[in-house]
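Structure record follows, encoded as structure tokens.
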2 protein chains.
Amino acid sequence: MEETKVKNKRLERKEETRRRILEVAKELFLKHGYDEVSIRKIADKLAISPTTIYLYYKDKGDVIYALHQEGFKSLAMQFDVLRNVDEPFERLKAMGRIYIKFALDNPDFYELMFIMKEPIDFVNRSCASEWEEGGAAFGALVNTVADCQNKGYFSSIELHAMALYIWSTIHGICSLKLQGHLDHVVKEHLPNQENTSTLESAFNTLISVIKGIK
Amino acid sequence: MEETKVKNKRLERKEETRRRILEVAKELFLKHGYDEVSIRKIADKLAISPTTIYLYYKDKGDVIYALHQEGFKSLAMQFDVLRNVDEPFERLKAMGRIYIKFALDNPDFYELMFIMKEPIDFVNRSCASEWEEGGAAFGALVNTVADCQNKGYFSSIELHAMALYIWSTIHGICSLKLQGHLDHVVKEHLPNQENTSTLESAFNTLISVIKGIK
DNA sequence: TTAAAAATATTAACACTGTTAATTATATTT
DNA sequence: AAATATAATTAACAGTGTTAATATTTTTAA
């Protein structure tokens with residue numbers, strides 16, 4: 001009976017080391033951005049050998065994927081307050097605002113979660129069909145859109161097409177902003193406009209557009 | 001008078017080498033994707049030394065930027081047929097379809113032009129204010145939107161906000177698709193739907209949505 | 001308690017990357 | 001033909017992800 005206890009102790013320690021590696025990876029990631037996260041730098045900060053990390057994560061993509069998952073958990077937490085918003089269209093609006101705020105507050109995480117290819121390729125390779133975190137996020141949007149339709153909003157449009165369309169618009173504006181593709185357009189075509197207000201005006205346009213659909 | 005002729009000859013040769021480097025860079029880029037384009041591989045294919053490339057391009061970002069510019073020229077050429085479409089809303093629709101087709105046909109170029117940070121950072125650093133190719137593309141959209149408004153379409157919405165909103169939606173759906181973020185969502189929430197039809201249905205949703213705005 | 005076994009961590013190395021300084025080869029001008 | 005300007009090269013630096021072989025530590029068995 002002792003041997004299982006010891007084995008558990010070992011598994012715990014192993015899990016703890018895994019966690020510590022991820023913690024440092026996350027710290028470097030948030031402080032210096034993705035490009036600055038190298039296996040060697042993570043190892044240096046932990047005062048371990050670079051190769052040790054490969055005993056806990058298959059490769060760098062695996063580490064990145066773990067951060068990717070953390071991001072989705074974090075976003076889900078932000079979404080948690082939506083349970084207090086009963087009116088579906090208000091909930092949809094709040095959802096959009098939280099999503100945008102998350103993107104602006106955590107640009108590196110957003111890049112990891114919705115822009116970069118590597119982590120999502122890892123998902124598509126590993127877990128063939130189910131992917132809880134990602135499915136839940138889009139599922140929450142679909143549910144809210146369905147609730148809106150039950151209240152008469154944009155009920156003429158197919159549910160999933162509508163959800164995807166909303167996500168596309170908000171992701172589009174966030175990704176253009178975060179990747180630096182708005183700076184020039186704003187400078188040339190929308191002077192005397194502040195940085196964040198461009199996002200807001202695009203979001204408000206979306207809201208007022210879909211609000212009118214019967 | 002001979003010396004200027006010689007100097008011109010030299011400049012021509014220099015420009016020719018610059019062009020050949022870019023040609024190979026583009027070939028590798030289209031064949032193997034961005035990650036596989038290294039200075040050394042370009043040099044190998046040209047049977048020259050890697051460092052020679054640095055005599056023609058400041059750094060790798062400069063090469064990437066040159067391809068970035070090629071992409072914008074190519075897109076502008078695709079847009080050229082729009083001159084034959086008189087009705088503004090039809091032109092807007094055609095514009096969207098061409099944009100989406102360009103993205104699907106040239107995923108690597110699209111990534112370079114509208115997703116990656118590096119080339120547009122290069123733009124924002126180098127040419128402080130004017131950037132013809134990019135400005136022209138968005139300008140074309142703004143003009144078409146303005147023409148639509150003159151015909152009574154979505155005239156209640158501010159011009160630039162509307163243009164940015166349309167771009168965001170179409171870029172959003174393209175970027176989600178190209179970066180692999182739709183695969184999972186489609187598999188889970190929209191089975192029995194084909195790959196490209198997801199894009200089309202989102203685009204059609206956008207069109208039918210904005211068509212109804214007064 | 002000590003010897004064997006298993007788990008964990010490390011060193012050394014490979015094959016790459018972008019990039020620069022110093023050097024050599026080539027072409028042009030005097 | 002000699003001097004000069006231009007072009008291209010070699011060698012090297014500092015970094016990357018990753019693997020195989022080796023050493024160290026921890027656990028198990030005698």
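Scope of the values below: all heavy atoms of this structure, side chains included, with no hydrogens, waters or symmetry mates. Keep in mind the model is a prediction, meaning the values are calculated, not measured. Convention: sequence-line order gives letters A, B, ...; per-chain numbering from 1.
The base of C/dT20 lies outside donor-acceptor range of the side chain of B/Thr51, with no N or O pair under 3.5 Å. A donor N or O paired with an acceptor N or O is found under 3.5 Å between the base of C/dG18 and the side-chain atoms of B/Arg40.
For D/dA7, one of the phosphate oxygens OP1 or OP2 lies less than 4.0 angstrom from a side-chain nitrogen or oxygen of B/Lys14. Phosphate proximity of C/dT26 to B/Arg13: absent, as no side-chain N or O sits under 4.0 Å from OP1 or OP2.
Taking atom CG on A/Leu55 and atom P on D/dT25, their separation rounds to 16 Å, with Å as the unit. Rounded to whole Å, the distance from CD1 on A/Ile48 to P on D/dT24 is 18 Å. We find that OH of A/Tyr57 is positioned 17 Å from C1' of D/dG17, with the value rounded to whole Å. Note: NZ (B/Lys60) to C1' (D/dT16) measures 13 Å, nearest angstrom. Atom CD of B/Glu15 is separated from atom C1' of D/dA7 by 16 Å (rounded to the nearest Å). Spacing between atom CD1 of B/Ile39 and atom C1' of C/dC16 amounts to 14 Å, rounded to whole angstrom units. In this entry the distance linking CD of B/Glu16 with C1' of D/dA7 reads 16 Å, nearest Å. The separation between B/Asp62 atom CG and C/dG18 atom P is 14 Å, rounded to whole Å.
Contact check for B/Glu118 versus B/Phe122: no side-chain heavy atoms found under the 4.5 Å cut-off. The side-chain heavy atoms of A/Ile39 and A/Thr51, taken from C-beta on, include no pair separated by under 4.5 Å.
One N or O on the side chain of B/Arg91 and one on the backbone of B/Val85 form a donor-acceptor pair closer than 3.5 Å.
Aromatic pair A/Phe114/A/Phe109: ring centres not closer than 6.0 Å.
Mapping B/Tyr56 and A/Pro50 onto DNA chain D by nearest heavy atom places B/Tyr56 closer to the 5' end of the strand. Along DNA chain C, the nucleotide nearest to A/Thr17 and the one nearest to B/Ser38 differ in position, and the one closer to the 5' end is contacted by A/Thr17.
Residue contacts for A/Thr52: at a heavy-atom cut-off of 4.0 Å it reaches a base atom on one of the strands shown. Residue-level contact check: B/Val63 touches neither bases nor backbone, having no heavy atom under 4.0 Å from any strand. When heavy atoms are screened at a 4.0 angstrom cut-off, B/Lys41 is found touching the sugar-phosphate backbone but no base atom.
Closest to the side chain of B/Tyr54, out of C/dT10, C/dT19, D/dT18, is C/dT19. When each of C/dA13, C/dG18, C/dT11 is scored by its nearest atom to the side-chain atoms of A/Ser49, the top-ranked nucleotide is C/dT11.
The cationic atom of B/Lys60 (NZ for Lys, CZ for Arg) lies less than 6.0 Å from the six-membered ring centre of B/Tyr34 and within 45° of the ring axis.
The pair B/Arg19-B/Glu23 meets the salt-bridge criterion, since a charged nitrogen lies less than 4.0 angstrom from a carboxylate oxygen. Between A/Asp105 and A/Lys101, at least one side-chain N (NZ, or NE/NH1/NH2) sits under 4.0 Å from a carboxylate O, which counts as a salt bridge.
Annotation for A/Glu132: atom CD does not count as buried by contact number, only 12 or fewer foreign heavy atoms lying within 6.0 Å.
Among the duplex regions that DNA chain D forms, those built from at least three successive Watson-Crick or G-U pairs under 3.5 Å are C:5-30 with D:1-26, ordered by first number.
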